[in-house]
Structures are given as structure tokens and as C-alpha cells.
A.B. asks: 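The structure's right below; bear with me while I get my questions together.
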Number of protein chains: 4
Amino acid sequence: MGTKAIKEKKSESIRRILGAATEIFAEVGFAGARVDEIARRSGVNKATIYYHIGDKKALYTRVIHDVFADMGKRIASNIGQSQSPEEKLKTYIHNIAFTLDQHPHIPQIMLREFALGGHHFPDVVTEDFVRIFGMLTEILEEGSRKGVFVDVNPFILHPMVIGPLIFHKNLEAIRSKLSQAPEMLKKLDALISNGVAEKIENFLLRAVKKQKNGD
Amino acid sequence: MGTKAIKEKKSESIRRILGAATEIFAEVGFAGARVDEIARRSGVNKATIYYHIGDKKALYTRVIHDVFADMGKRIASNIGQSQSPEEKLKTYIHNIAFTLDQHPHIPQIMLREFALGGHHFPDVVTEDFVRIFGMLTEILEEGSRKGVFVDVNPFILHPMVIGPLIFHKNLEAIRSKLSQAPEMLKKLDALISNGVAEKIENFLLRAVKKQKNGD
Amino acid sequence: MGTKAIKEKKSESIRRILGAATEIFAEVGFAGARVDEIARRSGVNKATIYYHIGDKKALYTRVIHDVFADMGKRIASNIGQSQSPEEKLKTYIHNIAFTLDQHPHIPQIMLREFALGGHHFPDVVTEDFVRIFGMLTEILEEGSRKGVFVDVNPFILHPMVIGPLIFHKNLEAIRSKLSQAPEMLKKLDALISNGVAEKIENFLLRAVKKQKNGD
Amino acid sequence: MGTKAIKEKKSESIRRILGAATEIFAEVGFAGARVDEIARRSGVNKATIYYHIGDKKALYTRVIHDVFADMGKRIASNIGQSQSPEEKLKTYIHNIAFTLDQHPHIPQIMLREFALGGHHFPDVVTEDFVRIFGMLTEILEEGSRKGVFVDVNPFILHPMVIGPLIFHKNLEAIRSKLSQAPEMLKKLDALISNGVAEKIENFLLRAVKKQKNGD
DNA sequence: GATGAATGAGGGTTCATTCAT
DNA sequence: TATGAATGAACCCTCATTCAT
């Protein structure tokens, strides 16, 4: 029991470290993040981070992998329950949207990582990414084979899914700079209030689905 | 003419500084960039950067604003020569693609900036952005009014334009990590070789255009 | 005791930093002081200074306040044991002389601070100064009330106390430049060998004390 | 004529440089002064300072020597017109007070130089100082020989003259920090409004003059 | 498991000075 | 006479990391 209590306590530290790290990496990126600040916001001593997790790079890996691995598993399991390619594509988009919603700081990290061309990405995270991305590839191929989708390159479609999702997460920050453009503000607010995922789904399916009259 | 030669020579340093800075900010981001490295790659003394331009932040602003202002002007002028909303949307996409092509390091910087929610963005750059974005908004509204476009929120469409463009620019870096997924490599290479802009245009127009039978 | 030993050891670094800093600020002033040099002379790493104390300004404040606060307390306590205003004035002068003697680098710092009009002086040090100065004011007023002192403005008397004390501390440096003036050298050496504090006391008391025949 | 005009113009630059330099050295000392700032306040290009005067050290020397040489000449000439030692001492004090009044930034520079033990003092300025100081020495000796002064060491008396004068010049800066000590403020203002030089003279003469009844 | 102290290696910025014009 | 441009050398400060306890 004593052991358990200690373990609980340990996990508590780790949880707090990871929480603070996720926030900060999202806010300022890997290079901009300060281990001191992560320690401060965690409420733990800086050395404790090194004790439990390792150096800054390891901490970063841990933060991202935790989310990506989870997202990959969820998509895989949910897609299995869908039937048509159309359903599966919707599931794909929905699950990514859901994960980004659950982990509100991850979109920024992902975005930044793409911007860096995977500089900091450790192999384990690249594997996560390839796994997820591979599922989209399969969905599109199946749709194409079955004659319900036009041919679409997944490297074009994927950023069209995550682009608006991530963009949407960052709109709040941009909003404050739009005061002189009320017309745009209105559109922005219309988007924020309603579900973005559905909008993206509908929009992309219009482009992906083969239209009746040949096309 | 002598005066002009002098002037040219005078701004040579500035040009080299901005060139090196653009590259490096793209490669490693604002926080990751080292002023020392920018000086080294410019071939000028570090203090010369401060003499001509100012501190790191000012240098960053300058680099981005130079490109954005140019992109904004080009789009505005070219759109004026287009007739139908459909043409205008194509022009919009094409001009962004062209600018990103001319300044191969900017996509990463833009991407990162969205990731930061405009943290480093000075007002002058936000204004550039709002101007460009405003043009898309008008195109979509005009198309909607004329009954040729379905209603689309520009905050969804815009990232669908730049997302794949930027993603595409960064694929080279990801490519090296895809050795275990030959299927995906093939798709990727298919995309790299052909024009992406056209693919994006065609794809998005399928979704935007009102289909004959009502829709 | 173990704890105490640890504590002692802990503050060893701080003590060395403050010692070196006091010396160097005295030698070359705030602007002339180099944090690197303070670290070198302390035998600690430069970063240790920032860890324990803070930036250069904070270090300066700490150095001065430590001495001034101590001087203020000593004067207050010793004056309490004196009876006549004359005794108290002597005590005042003596205690300042003693403190400057104990902290041989402070006179220069004080002098420089007056020269800067308190530019670098943080409020906490100004308060120390006002406290000390206030004691002189009271002494003079009491003497005046009791009819043993003529009216003297403390803002004139105070610099007459510290002026020669500080000047005296700096004579060593001037000495080397007086080789062409042997007459002056003799006077100077006469002063250095004997107690200055007494000389100042006697001299100033001659001026302050009311002379028998009215005056 | 052309030459003259040019010369006038040159002198103008030099005058402005020296003026700005004097102010700035007084405000922040030698180490704290910035050549850039001196150029800015002079309204001349930085390189012009080097062209006309030389490096920072030379500029400092020039600023101080200009004043000290002048002060030395004035005292020497005026003392020659005084008769008694008492008169001469008054003249000495008055002339120093006058010079400090004419050059309101010099007191701070002098003060700082004493604090540095003459670190930056070039020989030419030390000679100025020795000359001035020598005159005081002679006055005191003459007074002693003639039986009108008690024996006083000039190294004690001199700082008692300049101490209050310089202190007085800096009171304005201290004043703002005395708001909680109204009693002291009153004394301070009493001093500022009236002539300090006379107060110092009267006070010091009380101490220096031999009193009738032996003493 | 946890931490206060310490530090080597830079990081951004400033500054006195020089030089071509 | 005057100056814009350029720079080497520091300078203050920060940061990721380690270690004794």
C-alpha cells in the first residue's frame, strides 16, 4: 500500500509535467520552450523532470507520441465499424477532429512539426503518422476501386482535413486582429459556433464523390 | 549612374542579410534561429544586421512583410483581370502557389506562424494577411450571389488552399522517413512531379461549384 | 548542527559573490563593473550570480544595502548611549568612520552615487540614507535647542563629515601623482598615519560649538 | 574668408561636441557614457568626434581640462588681489563655487573622479588639480605662520569645501525621495534658496580662525 | 522520489573604433 | 570637413543539464 501511494504520487508528478509540457510546447514550440518554465508550471522541481522523463527532446517525444498513438488506435478501431468508403472517410475526419478537440494543444504542435519538416520528430512518432496516413490512403483507394470516389491523392486530401481543423483552433488568436474587418469577423464567428468537422466533411465529400453524370 | 551604383552596393548587405534570414527562419523557426548563423550565412558581421535592420524581431518582421506585401499586390492586380468568380478563384490559388514557389522558404514560416497563432506577427503583417484573405472572401460572395458557387466559409476554404501547398513543400523532408511504406512513396512522387496547384484547383472547384441538378 | 553546517556552506557562494562585487563596484563603478570579472574574482560561475542574486542591478543594490543598513543600526544604537549633543555628534562621526573602515570599498561607492544623484539607488537604499541622515538632523537640533550648538544646516555638515573620510580613503591613489609636489606629500602622509576621524571631529566641533563670548 | 567661415563651422562642431560630452559624462560617468549618444546630442556624426578630438578618453580629458585650467587661472588671479589669509581663503572657496556654478556638470565629474581615485585622470588634469590644491596649502600655511589660523591639514579642509558644494548640486535629485521626511525637506529648501558658498565660508572660518583666548 | 545549487556553452545585443568616400 | 557603413570584441543574461544530498 505504501508502494502504491508512492506510485500514485509519482504518476501525479509525471502527469503534471506532461500537462505543462504539452501546453508550453504548443504555445512556443520546441525551441521556444524553457525547461524552467515547464517545471514552474508543473509545480515540480526542474531536476524532477530529468529524473522521471529525461531531457527536453525525450519530453517532447513523450508528449506527442502519447497523443498520436491514441489517435491512431481510435481511428483504426472506429473505421473497422464503418461500412462504405464514404462512411470511413467521415469517420477519419471525425476522429481526427475529436482528438484535436480532446488535446487542444496538439494542433499547434503538429502544425509546427510540419513546418519543420519533421526536424524534431523521433521515429516512433513518424511511425504513428505513417500509420494514420496509411488509413486515409486505403480509404481513398477502396473508394476509387468501388467507383464511388474520384481519384484523389491523399497527400492533397490530408492537409485539406487537418488544415482547416488546425486553422480553426487558431482563429481565436487571429480574431482580435480583425476588428477593422467586421465582414470577416461575422464569417469567422459563424464558423466558430457551429461544428467545423461536419462542414469539412460535407465540403470534401462533394469533391471526392463521383457525380452521377459521369464526371 | 555613379550614385545608383553606390546605392546598389549599399543595399547589397541588406539583401544578403534578408536572404539568409529568410532561409534560416524557414529552417528552424524564430526561436530556433541564431543571429550568429544569419550573420555567418550572409557573409556580414553580426553587428551589421543590427545597424541596418534592428533586432531579431525586426528582422523577422521585415522578412515576412516583404513577401506578403508582394503577394497581396500580385493577387489584387491579377484578380482584376479575371472575369468570372471561377476564374478569380483559380487566379487566387495560382498566385499563392506562385509566390510560395518564388519564395521557397515562406511556406514554412507561414505554417509556423499559424501554429503560433500569430504570436510573432507584427500588425503590419496581419494587415497583409487580412487584405489577402479579404479577397478570397469577396470572390466567394460574388460566386454565391451569381449562383455559381455554393456557400462556403472562407475560413474553411483558405486553409484548404494553403494546407496542401505548404504540405507539399515539406514532403521532401518527410519522404526520407517513408522508406517502409512504398505504396505511399509512390503516391507522394506522383504528386511531386506534377503541378500541385492545378490539382488543388480542380479538386476544390468540384466542391465549390454548384452542380447543375440543384445540389 | 548538520543543518547549520549546510546552511553555512550554502551561503558561502553568496558571501564570496558579495565580497568580490563590493570590491569591483568600488574600483570601477556600476557601469564599469563586469559581471564576468565579479564571477572570476568570486571563484564562482557567472550563472551562479544570477541564480542566487539576480542581475547586475540587483547585485549592486544588495551590496550597498547590506552596508548601509548595518551602519544605520550601529549609529542608532550607539547614539542612544551618548548623553550630550556634543557626544552624540562625535559618535555619529565615529560610527561612520568605523563603518567606512570596516568596508573599505564603500566610500567610493557612496561617493559615486552622490555623483550620479542617486541614479542607481534603489528605494531601499535611499531609505537607509534618510534614516542615517535624520539622526544627524536631530542631533543638531537638540544641540541648538540646548544652546550648545550654533545653527548649522545638516546638508552642509554631513558632506563635511563624509567628504574628508572618503577623500582620505582615496588619497593612496592620488599619492602616486604627487611626486612633483613634495610639500604636499608631507602633509598627506601626516594625515594618513594619524587618525582622521579625530581630526575631523575636533575641527568640526570648533565650528559647531557655541563660543563662550556670545558668537 | 572662405577659410574663416570653415573655421567657424568647425569650431561650432567642436563646441557642440564638448557641450554634449560634458553633459553626458556628468550624467552617467565615463564608463556609462556612449559615444553614439554624445554624437546624437551634438547633432554631429559619430566619426566627426573622432576626426576632431580623438577617442573617448581624449574627449573626456578635453572636457575636464578645459574647466580645471580655467578654474586654476581664476583662483590664482583673484587670490593675488586679496590681502589677509582669511580673505584669501574666502576667495578660494568663492572661486570654486563660482566655477562649479558656471559649469553645472563638472561637480559630478569631479566627484566621480575622486571616487575612482583618478583612474581616468590624465596627467594634464592631475597637474591642474595639484596647482589648485597647492594654493589652498599655501593659504593655510600663511595663516598659520601669521598666527591667525590654527593648524589645519589641507587634505581635510579641501573636501570640506567641495563636499558640500557638490552635495548641494545633487540635492535636487535626492529631494524627490524625501517626501516622507518633511522636516528634512524644509532644511534642504532653506539651503537651496540661499547662497551656499557664504554658509560654507562662515562655517569653516569659525573652525579655522584662532580664537582670541588662545585655543 | 525529489531538490537546491551550480555551471559550460552559448544567445541576443551593444559599443568604441575604423575606413572608404 | 564630414559621414554612412561596417566590424571585433565584449557584455549581460539565459538555458539545458548535472550532481550531491
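Please read all numbers here as calculations on a predicted model, not as lab measurements. Per chain, numbering begins at 1; letters A, B, ... match sequence-line order.
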A.B. asks: B:Ser13 side chain N/O closer than 4.0 Å to the phosphate oxygens (OP1, OP2) of F:dA6?
C.D. replies: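 Answer yes for this pair, as a side-chain N or O of B:Ser13 is under 4.0 Å from OP1 or OP2.
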A.B. asks: When you measure only distances, ignoring hydrogens and angles, does the side chain of B:Asp36 come within 3.5 Å of the base of E:dG10 through a donor and an acceptor?
C.D. replies: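 Side chain to base: no pair below 3.5 Å.
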A.B. asks: Would you say that A:His103 contacts A:Asp70 through its side chain, given a criterion of any heavy-atom pair below 4.5 Å between the two side chains?
C.D. replies: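 Yes, their side chains come closer than 4.5 Å.
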A.B. asks: D:Glu37 CD to E:dT14 P: how many Å, rounded?
C.D. replies: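 My rounded result for the distance is 14 Å.
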A.B. asks: Are OP1 or OP2 of E:dA2 and a side-chain N or O of A:His52 less than 4.0 angstrom apart?
C.D. replies: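 It does, given that an N or O in the side chain of A:His52 lies less than 4.0 Å from OP1 or OP2 of E:dA2.
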A.B. asks: Can you find a side chain N or O atom of B:Thr48 that sits less than 4.0 Å from OP1 or OP2 on F:dT7?
C.D. replies: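 B:Thr48 to F:dT7 OP1/OP2: side-chain N or O found under 4.0 Å.
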A.B. asks: Between NZ of D:Lys46 and CD1 of D:Ile17, what distance do you get to the nearest 0.5 Å?
C.D. replies: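 Rounded to the nearest 0.5 Å, the NZ-CD1 separation comes out at 13.5 Å.
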A.B. asks: Can a salt bridge be assigned to the pair D:Glu27 and D:Arg41 using a cut-off of 4.0 Å between side-chain N and carboxylate O?
C.D. replies: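 D:Arg41 and D:Glu27: salt-bridged.
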A.B. asks: Fit a plane to each ring of B:Phe25 and B:Tyr60, take the angle between them on a 0 to 90° scale, and name the class: parallel (under 30°), tilted (30 to 60°) or perpendicular (over 60°).
C.D. replies: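 Judged by the thresholds at 30° and 60°, the geometry between B:Phe25 and B:Tyr60 is perpendicular.
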A.B. asks: So what does C:Ala39 hit on the nucleic acid, given a heavy-atom distance under 4.0 Å: a base, only sugar-phosphate, or nothing?
C.D. replies: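 No contact.
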A.B. asks: Hey, are the side chains of B:Val67 and B:Asp128 touching, using non-hydrogen atoms and a 4.5 Å cut-off?
C.D. replies: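 The answer is no; the side chains never approach within 4.5 Å.
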A.B. asks: Flag the pair A:Asp36 and A:Arg40 as a salt bridge only when some basic side-chain nitrogen lies within less than 4.0 angstrom of an acidic carboxylate oxygen.
C.D. replies: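 No, this pair does not count.
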A.B. asks: Within the modelled atom types, does a donor on one side and an acceptor on the other bring the side chain of D:Lys46 and the base of E:dT17 under 3.5 Å apart?
C.D. replies: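 Answer yes: a donor N or O sits under 3.5 Å from an acceptor.
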A.B. asks: Nearest-Å distance, CD (D:Glu12) to C1' (F:dA2)?
C.D. replies: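 Spelled out: CD on D:Glu12 to C1' on F:dA2 is 15 Å.
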A.B. asks: Among the candidates E:dT3, E:dT14, E:dG12, find the nucleotide nearest to the side-chain atoms of B:Val35.
C.D. replies: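 Ranking E:dT3, E:dT14, E:dG12 by closest atom to the B:Val35 side chain puts E:dG12 first.
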A.B. asks: Taking atom P of F:dC15 as reference, at what distance in whole Å does atom OH of A:Tyr60 sit?
C.D. replies: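 It is 18 Å, rounded to the nearest whole Å.
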A.B. asks: Does OP1 or OP2 of E:dG8 have a side-chain N or O of C:Asn45 closer than 4.0 Å?
C.D. replies: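 So the side-chain polar atoms of C:Asn45 do come within 4.0 Å of the phosphate oxygens OP1 or OP2 of E:dG8, strictly under.
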A.B. asks: When you measure from the side chain of A:Asp55, which nucleotide among F:dG4, E:dC15, F:dT17 comes out closest?
C.D. replies: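 Selected nucleotide: F:dT17.
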A.B. asks: In this structure, how many angstroms lie between the C1' atom of E:dT18 and the NZ atom of D:Lys56, rounded?
C.D. replies: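 It is 17 Å, rounded to the nearest whole Å.
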A.B. asks: Separation of D:Tyr50 atom OH from E:dA20 atom P, in whole Å?
C.D. replies: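 After rounding, the gap between these two atoms is 17 Å.
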A.B. asks: Find the distance A:Ile38:CD1 to F:dC15:P and express it as a whole number of Å.
C.D. replies: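 Whole-Å distance recorded here is 12 Å.
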A.B. asks: Would you mind reading off the distance between C:Leu59 atom CG and F:dC13 atom C1', rounded to a whole angstrom?
C.D. replies: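 The answer, rounded to whole Å, is 13 Å.
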A.B. asks: Could you check how far NZ of A:Lys57 sits from P of F:dT17, rounded to whole Å?
C.D. replies: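 It works out to 11 Å between those atoms.
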A.B. asks: Taking the nucleotide of DNA chain F with the nearest heavy atom to each, does C:Ala33 or B:Val44 sit closer to the 5' end?
C.D. replies: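 Looking at the nearest nucleotide for each, B:Val44 comes out on the 5' side.
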A.B. asks: Under 4.0 Å between a side-chain N or O of B:Arg34 and OP1 or OP2 of E:dG10?
C.D. replies: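 For E:dG10, neither OP1 nor OP2 has a side-chain N or O of B:Arg34 closer than 4.0 Å.
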A.B. asks: Report yes if a side-chain nitrogen or oxygen of D:Tyr51 is closer than 4.0 Å to either non-bridging phosphate oxygen (OP1 or OP2) of F:dT1; otherwise report no.
C.D. replies: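 Yes, such a contact exists.
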A.B. asks: With both distances under 3.5 angstrom, what nucleotide forms a Watson-Crick or G-U wobble pair with F:dA20?
C.D. replies: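 Paired with E:dT3.
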